[in-house]
Amino acid sequence: MIELIATAESIEQAEALINVGIDTLYVGEDRFGLRLPASFSQAELKEITDLAHRNQKKVCVAMNAIMHNDRIKLVLPYMEILQDIGVNSITVGDPGVIHLLKTNQLNLSYIYDPHTMITSGKQVNFWANRGAVGTVLARELTYEELTAIAAEAMVPVEVLVYGATCIHHSKRPLVTNYFNFTKVQRTENNDLYLSEPKKPDTHYSIYEDTNGTHIFNTGDINLLPHLETLYHANLKRWKLDGIFTPRESFVQIASLFIKAKEALINDNWSSSLIESLNEQIWKLHPQQRSLDEGFFLKDPDEIK
């Protein structure tokens with residue numbers, strides 16, 4: 001069964017994503033979750049969860065932040081609230097959070113999400129044997145590596161099929177520090193980029209939140225043309241990340257992936273359909289951001 005997961009930046013967008021057919025909403029609060037399009041209060045999370053459940057959809061809450069001593073103290077009360085709200089699962093990257101989850105016997109399923117760390121089937125199964133109901137794979141994996149993991153994995157594994165890829169995370173507020181040092185008037189986070197001197201076309205997006213500074217790859221991921229390949233490799237948990245694709249554009253892109261999913265399920269997949277859907281994605285995607293297939297088509301031996 002294919003599961004399409006999408007981030008949400010507002011309650012209104014969450015409802016729109018449900019209406020177009022998204023299976024799982026990925027939301028959270030930025031004290032506990034990384035790189036979210038929006039930080040939701042506990043009341044808002046309850047509203048989103050109730051909305052999703054009324055429509056037979058699921059909610060996964062991000063708890064994959066780097067938990068220092070001051071923040072880990074807040075984790076258990078927060079998980080107890082999420083349990084009461086009735087969310088379907090959480091993403092966790094810190095074993096300390098898993099320890100609190102297990103020792104307090106909370107009724108919460110967890111998906112292991114250590115960002116760049118899951119790169120083999122053995123790692124997937126290590127956490128599956130410790131209660132994980134799924135894992136989030138590293139984003140910079142090739143098709144060859146993905147299929148090898150899928151063949152061995154005991155639980156579903158998540159693949160990013162649309163959105164930005166984070167390549168660096170620092171706990172420090174580097175953007176704030178830069179503007180404080182230069183005395184230059186600060187601009188919006190989404191307008192900040194790094195560029196390589198010898199490659200002026202590169203634009204590594206810089207994003208700062210309460211968890212520090214995040215740098216994203218130049219090219220955003222778009223694997224829609226390759227969904228049939230993922231499907232037949234038993235890679236059926238697909239993530240759409242809208243952190244840099246706001247409002248209605250992201251909802252419309254999500255609807256295109258829904259159409260591709262339905263075409264696969266109903267044996268209506270065709271090159272002409274996928275070409276048409278892909279053209280629409282390019283029109284909806286932010287013009288200042290590029291799109292490519294990331295590492296998907298690369299030879300693992302050529303990646304240095």
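Note that these values count all heavy atoms, side chains included, but never hydrogens, waters or copies made by symmetry.
Nearest approach of Val157 to Arg237, heavy atoms of both residues: O-CB, 3.3 Å. Closest non-hydrogen pair, Gly163 versus Leu160, comes out as O-CD2, 3.9 Å. Between Gly294 and Asp292, the shortest heavy-atom contact is N-OD1, 2.8 Å. In terms of heavy-atom proximity, Tyr110 sits nearest to Gly131 at CE2-C, 3.5 Å. Summarising the geometry of Tyr78 relative to Glu29, their closest heavy-atom pair is CE1-OE1, 3.3 Å, with the distance given to 0.1 Å. Closest approach of Phe250 and Thr7 over heavy atoms only: CE2-O, 3.2 Å.
Only one option out of Val87, Val27, Val59 pairs with Leu45 in a side chain to side chain contact (heavy atoms under 4.5 Å, CB included); it is Val27. Paired with Glu3 under the rule salt bridge (charged side-chain N to carboxylate O under 4.0 Å, His left out), one option of Lys58, Lys239, Lys236 passes, and it is Lys58. Each of Leu230, Asn222, Leu224 was checked for a side chain to side chain contact (heavy atoms under 4.5 Å, CB included) with Val161, and the lone residue meeting it is Leu230.
Considering CG of Asn211 and NE2 of His169, their distance stands at 5.5 Å, rounded to 0.5 Å. Going from atom CD1 of Ile111 over to atom CD1 of Ile5 covers 6.5 Å, rounded to the nearest 0.5 Å. Note: Asn104 CG to Gln83 CD = 9.5 Å, rounded to the nearest 0.5 Å. Atoms CD and CD, from Glu12 and Glu248 in turn, are 12.5 Å apart once rounded to the nearest 0.5 Å. Rounding to the nearest 0.5 Å gives a distance of 8.0 Å between CG of Leu82 and OG1 of Thr49. In this structure, the separation between CE on Met63 and CG on Asp113 is 12.5 Å, given to the nearest 0.5 Å.
Residues Ile72 and Val97 meet the side-chain proximity criterion, which asks for heavy atoms closer than 4.5 Å. Trp127 has its side chain within reach of Ile118: a pair of non-hydrogen atoms, C-beta onward, lies under 4.5 Å apart. With a 4.5 Å cut-off on side-chain heavy atoms, Leu291 and Ile281 count as touching. Considering only heavy atoms from C-beta on, Arg172 stays 4.5 Å or farther from Thr213 through its side chain. Side-chain contact between Ile221 and Phe296 is absent, with no heavy atoms from C-beta onward closer than 4.5 Å. At least one side-chain heavy atom of Leu51 sits less than 4.5 Å from a side-chain heavy atom of Ile18. In this structure, Leu17 and Leu240 have side chains that are not in contact, with every pair of non-hydrogen atoms separated by 4.5 Å or more. For the pair Cys60 and Asn88, the minimum side-chain heavy-atom distance is 4.5 Å or more.
Tracing side-chain contacts under 4.5 Å through hydrophobic residues (I, L, V, M, F, W, Y), one never reaches Leu174 starting from Phe181; they form parts of separate clusters. With hydrophobic clusters built from ILVMFWY side chains whose heavy atoms lie under 4.5 angstrom apart, Ile258 shares a cluster with Leu273. Connection of Tyr26 to Met79 is not established within any shared hydrophobic cluster, with ILVMFWY side chains joined at heavy-atom distances below 4.5 Å, either directly or through further cluster members. Note on Val136 and Val159: separate hydrophobic clusters, where clusters join Ile, Leu, Val, Met, Phe, Trp and Tyr whose side-chain heavy atoms are under 4.5 Å apart, directly or indirectly. The cluster map of Ile, Leu, Val, Met, Phe, Trp and Tyr, joined by side-chain heavy atoms under 4.5 Å apart, puts Ile265 and Trp238 in the same cluster.
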Check step by step if side-chain contact (heavy atoms from CB on, under 4.5 Å) holds for Phe244 and Gln288.
-> CA-CA 10 Å; Phe244 290 118; Gln288 71 274 23; over 6 Å; no
Decide side-chain contact (heavy atoms from CB on, under 4.5 Å) for Asn55 and Glu15; before the verdict, give the C-alpha distance in whole Å, the side-chain angles of both, and the deciding distance to 0.1 Å.
-> CA-CA 10 Å; Asn55 289 276; Glu15 183 173 13; over 6 Å; no
Please test Ile81 against Ile85 for side-chain contact (heavy atoms from CB on, under 4.5 Å), starting from the C-alpha separation and ending with a verdict.
-> CA-CA 6 Å; Ile81 290 168; Ile85 288 173; 3.8 Å; yes
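A donor-acceptor pair under 3.5 Å is formed between the side chain of Thr103 and the backbone N or O of His99. For the pair Asp241 (side chain) and Ala164 (backbone), a donor-acceptor distance under 3.5 Å is absent. Remark: side-chain polar atoms of His115 are not paired, donor with acceptor, to backbone N or O of Gly93 under 3.5 angstrom.
With a 6.0 Å radius and a threshold of 12 heavy atoms from other residues, nucleotides or ligands, Asn107 has its CG atom at or below the threshold.
Under 4.0 Å is where a charged nitrogen must lie from a carboxylate oxygen, and between Arg139 and Glu158 at least one such pair does. A salt bridge does not link Asp50 to Arg54: none of the charged side-chain nitrogens sits closer than 4.0 Å to a carboxylate oxygen. Ion pairing between a basic and an acidic side chain is recognised when a charged N comes within 4.0 Å of a carboxylate O; Arg247 and Glu9 show no such pairing. Looking at Lys261 and Asp23, a side-chain N of the basic residue comes within less than 4.0 Å of a carboxylate O on the acidic one, giving a salt bridge.
The ring-ring contact (aromatic ring centres under 6.0 Å, His included) search around Tyr162 returns His285, not counting sequence neighbours. Judged as a side-chain hydrogen bond (donor to acceptor under 3.5 Å, both in side chains), and not counting sequence neighbours, the contacts of Ser120 are Gln123.
With no hydrogens or angles considered, no side-chain donor-acceptor pair links Gln13 and Ser10 at under 3.5 Å. For the residue pair Thr176 and Glu208, a side-chain donor N or O sits within less than 3.5 Å of a side-chain acceptor on the partner.
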